[in-house]
Structure formats: structure tokens, C-alpha cells
Amino acid sequence: MEHDPFKWGKPRNDVYGPYSYEIAGAKVKGEPSASDIEKFPSMHTQQPIITGTSVLAVKFKDGVIMAADNVGAYGSLLRFSNIERIIQVGDQTVVGISGDISDMQYIERLLEELETEEDVYDSDGGHKLRAPHVHEYLSQVMYNRRSKMNPLWNAIVVAGFDDTNEPFLRYVDLFGVAYGSSAIATGFGSYLAVPLLRNLVPYDADYPKVSEEDAREAIVNCMKVLYYRDARSSDKFSLVTLKKDQPLVFEKNVKCEGQSWQFAKNICGYGSKQL
Amino acid sequence: MFRNNYDNDSVTYSPTGRIFQVEYALEAIKQGSAAVGLTSKTHAVLVGLKRNTEELGSYQKKIIKVDDHMGVALAGLAPDGRVLSNFLRKQAMSSKMMFNRPLPVSKAVYSIADKAQENTQSYGSRPYGVGLLVAGYDETGPHLYEFQPSGSVLEYYGTAIGARSQAARTYLERSLESVRDSETVEQLILHGLNALRDTLAQDVELTFKNTSVSVVGKDTSFTIYEDENMQQWLDKLDSVSNSRNRDDQDDDQDATEGNAEGTHPASQDANQGEGNGQNDEGRMDTD
Amino acid sequence: MNTISSDYAADVHSVPIEHSFNPYQDNGGTVLGIAGEDFAVLAGDTRQVVGYSINSRYEPRVFDVGDNILMTANGFSADGNALINKFKNSLKWYKFDHGGKKLSIKSAARYIQHLLYGKRFFPFYVSTLIAGLNDEGKGVVYSYDPVGSYEVEQCRAGGAAASLIMPFLDNQVNFKNQYEPGTNGEKKKELRYLSLDEVVQLVRDAFTSVTERHIYVGDGLEIYIVNKDGVKVEYYPLKRD
């Protein structure tokens, strides 16, 4: 067996004779050169490359609040620290995206096209493209791509207002699986943040009992918890507040305040041991 | 054989800047029977006069549903109308599928206008020979649009297309305020029927067989009234005009005048029509 | 021609030929349909999960798709929703093409077989149920496997906890293993139609019990009831743990 990392696992040519790339579906005789790349089967995304971590969002009395940090990680390397993962669509909708950053940028372009098309036909105004419509569109895109076995490797949270001007919050991911809830988080956030956010809104229908201040405090706290425990996160993030009939507030470079790393010195091994 | 040298195709202008093929297409609309559309602040109504080619034949469909919030009335070549309304149905469905929202009426009508416009400047293609009244209700309220094969689109409070439709437009112009202020669907439909009646030829009258009505609006999904379901509205139309007659007769002073206006409003206005009344039985293939 | 290039530069060698992306996911949930004499019910819990996480506590999975037909497609939720939307659209075209004619449950059932079998080699990963009234006005439930094999039944459970509910239904709806008291297991209990109240009570018992035993079931129970007057919905909370 070849131990060369690029041929790892293949039978050795000097033992078994020349390797035939035709068994891999490539239309190449003999050793391929770099220009033979088109003769190999086309490749679909099999794994994300540069990734963005959790997106968090929660509904409150008359709006929604969403947060996501600005890191683009390359494996465990903090490759970029200035990536904006919350996209504004129209004036009352935001889309938060985690997962592969290049796929995110593709989705960003789709959303821009969508806005342009809206402007072309909606000359009289009044037909607003609202959050449910953006979400449905993205769901179709995500499901169609997964059905072609070529997924966009993302988990997306859409926040805004529905046709009756009530807060709207819904998720869709690389499978096309969609759901709505009063508190949503992607990635690590679904383990670490959702339980904290559900403490704030135990019953989905009760979000009108939550004040903006409490929602904001909970989200900021979740971002801090995630920074403590998610190695691919940062303590600098974007925070968007959507409120009924008001322009949305897009805060950038929000910092996790009041960090305490006291606990860190007690961590050793995989967590069960205490010093 | 040809009327002139510049009407062989739709890519050639005449020296006076006209495209005859497109103008002929607009003529095809006038060969079709009349369709009337009108809107109040909450609803949009379409009314159409159906034709049958012979006594034992069926009547050609005049009003077609596109979606729960939208429908069209056609005048001209019915097959062209069907193709366009099928296209609109697909648009409406894909709007539901892709965006989870009903297709805005303006977007719908511009989508077929774009289609029609392409035919006005492509060699070897024929402009659609049908005019449409598109009525719908969306988040910006009730709408009525007129679509023409030239690709032009206009929005109206009330209008009419097809044979002798000028009479209906005259009626709508005169009753505009009352039409716009209609508080019930019934008032709006009766205005529509009155307008349609004005387009009738001397020996024709509205029956449940030859009349179609549709309503769409606030909390009302697009509904077509035809055949047996149509009679209720005609009954109301008669009771209104009959009562008007009775009132007028009671009032001795303008008994004659009132009678004339009450029973035969058509005869007056029809004469003001476009003078192509002679066409209404000439061509069998337009509706 | 004599250039010597490094083996490590030839990265075409690393072209993967396997698809490591698995396009399916289990989103849990359980559904249940029971047919009565002049009604049918289709019920499902409202929890959506993936792995040990609860995505949502209220994500409806049973739908009134029009023409007095209830439908659910439980398993991989993206496929389920896609199937139901496909059916709703077809129903709309059916109405356009047939002048607003009502689609009978029998025809709907056959059509859904074709929707499912049409994707025989990349199936919708769902167990599908539809419920409604047949031409005689009697309640019916149709059930499907993921590739379209179907049959009409008196009752059927589908989804995560189907195997827990189905034997309970066999016993309580079709009276399997029930005998007349005092006949020493000689005389089987005679079959009879259950009333709507009995059926709703059965459904609620089934779901409260299965909520205790299956982690993919819980949060809320939505029961759709169809009879000649139309469709009704009832909601009952379930345990959220």
C-alpha cells in the first residue's frame, strides 16, 4: 500500500502494476496531469472549509434579536476575524448564516439578486418582501441543493416580521429541514445557548412577555458562554435588534463584557477531574 | 391582397412609425364580446358576456380563475387567453412555492406584458390576439388591470374591453363615484351588469347562460358565478330596474322619460359605441 | 519532458470519489390515523428533533390539504414538507383542469403512490398517511411506505413510535386478542365502529403513553378530525421532557 499522503491507501504501482484511474470514473489513461482535472467526476461539497460558528436569535415583545460573531475558521485556525454573518434583506428582515463561508457568500449574492428583482417589479411600492418569504425562498434553495447531493453547507436563521407584522423567527439548514421557534441557535449554540434562551421564553407563545432588555441580556450572555466553551468563536460579535415599525438597529463589534476566566485554572483533563 | 407593404411581420415599422401587426392584434380584441371590470375600495369584479357559435353549442368561457386571489376576463382569441392564463397560474403557483406568498397582481400582469412585448419585436412570431382584464386582491388592496397584446398595461378603477365596450366605459365614467363607494359586493356586481347590459345589441339580453360574473376582494377569494349560480344576480338586477320603473311610473311627470331610461339604457348608449356593431356575428372565432 | 516534479504537487490524485454527504436526517415525531364510520382522524405530535436536540416544540406535521383530505408525511421533515407541498400543488392543477371538481380520497391515494414511486431511487424518507371520507361517506385511512406501496386501513400509526402504538391500536380498534367475557377465550369480541369521542380518547391515550417511552415524541398533540361537515383541529399539550 502507498504511504505517500496523496496516494495513501492505493495499491503500490511497483507491486501491483500501474494504477488505473478509470475505476474512479476518470476518463484518463495512465498517470493524470493537472490539466486532466476536467476528466475526473465533478465534485460536490463534502465538508465545509472556512466556517462560521453559531448564530443565536430570540423573539421578544415586539421584535427579534439576533447575534453572530465575526470569525471565519479554517479548521481550528482562526483564519479571518472580520466576517459579517448577519445579512440584511429589505428593511425589516435579517438572515444569520453559520457554516461554510463561501456558500454563505453565494447565498448573500442570491439575496441581493432577490432584492434587485423586487425593486424592478414593485414599482408602486407596498409589496414588501418579508421574512417568511425570504425564508421560504431559502428553504427551496437549500432543499433543492441537498436533493442534487450538492448541499450549501450552512444553517440559516431568518428573523423579521410576518404578514400580520408579528415577530417571525425560523431556521433552515443544508438538508432543507426547517422549523420555527421563539428561541433558535445553530451549531454549538443549539447545545449551549438554546437551553439558556428557553429559560427566558419557556413557552413559545409567551415571547410577548419578554422585554427587549431581557432578551438582549440573555443573548449577550449566551455569546459569552459560547466564547468560554466554543473554541472557534470570538468575543467580538454583531448584534441586530428588529422592532415593530422601527428601523432595525445593527450593532457591530459588540464585545463580551465582564469575562471571568477564573474557572479555567481548575480545568484539567477532559473535565471530570478537579484540581 | 395585403392592405399595405408594412404589415407582413411585427418587426417592420411603417414610414409613419406604426407596427400594423400589433394594431391588428388590438383589433382582434374588439371582435370579441365585451368584458367589464370595476373596483370598489375593497373588491374587484369582472363581468363578461359569453358567446356561443351556434344555438346548440356551448358558450365560450369568459372568466378564468388564476389563483385564490386573482382571475382574468378575456376578449379576443380565446386560445391565446387560455395560454396566458395558464402562464399566470404557473407564476402564481411558483410564487406560493418559492416565496410562500400570493403573487402580487402588478407583478402578475407585468409578467404577461413582458411575454407579449417580446412577440411585438420578434420575426416570425404573432402578437397575442387577446385582451385581458386582470382582477385581483393583494396586500395593497383590490386591483384591476387591462392587458393588451402590445405589451402595454394600465390600471383602472373600471374599464371594459371587447365589442361595443365604449358603452360600458361610458356607463362606468358616469357612475364612477357610486361604483367606487359601493359598500357591498352586490352593488358592485349590479354596476358591472348594468355596464355590460349597455354593450348589448338590440335583440340580445343578459341571461344566466350568456353572463359570467366574478368577485375577489377583502376576505373573498376569487369566485366565478356562472349558469345556475348567475341567476341570483340577474334577479337582483331586474328587481332594481323594475322598482325604478315603478317609481318612475308613479311619478307622472317623467313617466315616459323614466321608462325609456329604466328599461332600455342599452339602446341609448349602444349607439354611441364604436360603430363596429356589425361585427358581432361576423367572426366566430373570437370571444 | 525531463522535468522532475514533486509527487506532492499532483493533487488531482486526491479527488474523492465517494459521497460522504448523507442527504437524510431523522426528525422524529409520530403520527396516527383512525377511521370511524362517518369520520376519520389524523393526529401527530408537534415536536421536531434531530439527535438529542429538540428543534421546535411546535412544528405542525399534519395538514388539511383541501377537499376534506388530511395528510401527513413523517420521518425526514424536509422530504415530508416537500411531498405535501407537491400534493397541494397538484390538487390545485387538478381543480383548474377539471373545473373545480372535488378530488376523491381514492384518487388522491393513487396519485400519492405515483409521487412517492417517482422518487423510487432517491426516496422521500417518510411514512405517509392520508385520511378522509370515501365515496360512500365512510371514514378511511390510507398508509404508505417510503416508495409508494399503499393500502387502505381502519387505523395506522407511523413515525418514531409507530411500533409502540400499533399493537395498542390492534387491540383497541380491531379488538385483536379480545374475547367475550365468560366464553373461555372461545368467542372473539365482535368488531364495531368506535364513536368520535372514543377515538379521540384513544388517540390521546396513545400519545400520552408513547410520550413517556419515546424521547422523539412530546410537547403537543394536534388532532385533525374530518367528517361530512369539514375539518376540525384540536390541540392538547403533551409532556415536554
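Every chain is numbered from 1 and lettered A, B, ... according to where its sequence line falls, protein lines coming before strand lines. When reading the values below, keep in mind they use all heavy atoms of this one structure, side chains included, and skip hydrogens, waters and symmetry mates.
Within the 4.5 Å cutoff, the side chain of E59(C) has heavy atoms near those of the R170(A) side chain. Annotation: side chain of V177(A) is in contact with side chain of N27(C) (closest heavy-atom distance under 4.5 Å). Counting only heavy atoms from C-beta outward, the side chains of F21(C) and L174(A) approach each other to under 4.5 Å.
Pairs passing the salt bridge (charged side-chain N to carboxylate O under 4.0 Å, His left out) check and including a residue from residues 143-153 of chain C, sequence neighbours excluded, read E153(C)-R156(C). Sequence neighbours left out, the pairs with a member in residues 183-194 of chain A that pass side-chain hydrogen bond (donor to acceptor under 3.5 Å, both in side chains) are S98(A)-T186(A).
Taking CG of D173(A) as the reference point, atom CG of N55(C) lies at 8.0 Å (rounded to 0.5 Å). To the nearest 0.5 Å, atom CZ of residue F76(C) and atom CZ of residue F175(A) are 6.5 Å apart.
Without hydrogens or angle criteria, R240(C) side chain to P202(A) main chain gives a donor-acceptor distance under 3.5 Å.
In terms of heavy-atom pairs under 4.5 Å with chain C, the best-connected choice from M142(A), R198(A), Q140(A), Q47(A) is R198(A). Ranked by non-hydrogen atom pairs under 4.5 Å with chain A, the options S77(C), S53(C), P23(C), G80(C) are led by P23(C). For the options A78(C), S56(C), A82(C), heavy-atom pairs under 4.5 Å to chain A are most numerous at A78(C).
Sparse packing is recorded around NZ of K209(A), with 12 or fewer heavy atoms of other residues, nucleotides or ligands lying under 6.0 Å away. Atom OH of Y235(C) has more than 12 neighbouring heavy atoms from other residues, nucleotides or ligands inside a 6.0 Å radius. Environment of NZ in K61(A): sparse, with no more than 12 heavy atoms of neighbouring residues, nucleotides or ligands closer than 6.0 Å. For CH2 of W8(A), the number of neighbouring non-hydrogen atoms (other residues, nucleotides, ligands) closer than 6.0 Å is 12 at most.
Looking at residues two or more places apart in sequence or on another chain, you find a ring-ring contact (aromatic ring centres under 6.0 Å, His included) between Y179(A) and Y171(A).
No part of S182(A) comes within reach of chain C, as not one of its non-hydrogen atoms sits under 4.5 angstrom from that chain. For chain C, the nearby part of W153(A) is the side chain; its heavy atoms alone come within less than 4.5 Å. Interface remark: Y52(C) contributes no atoms to any contact with chain A (heavy atom separation under 4.5 Å).
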Would you sort out whether D79(C) and R146(A) count as a side-chain contact (heavy atoms from CB on, under 4.5 Å), showing the intermediate values?
CA-CA 11 Å; D79(C) 274 352; R146(A) 92 93 219 189; 3.1 Å; yes
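Outside the 6.0 Å centre-distance limit, the rings of Y58(C) and Y203(A) are not counted as a close aromatic pair.
Among residues 108-128 of chain C, the residues having any heavy atom closer than 4.5 Å to a heavy atom of chain A are, in sequence order, F122(C), F124(C).
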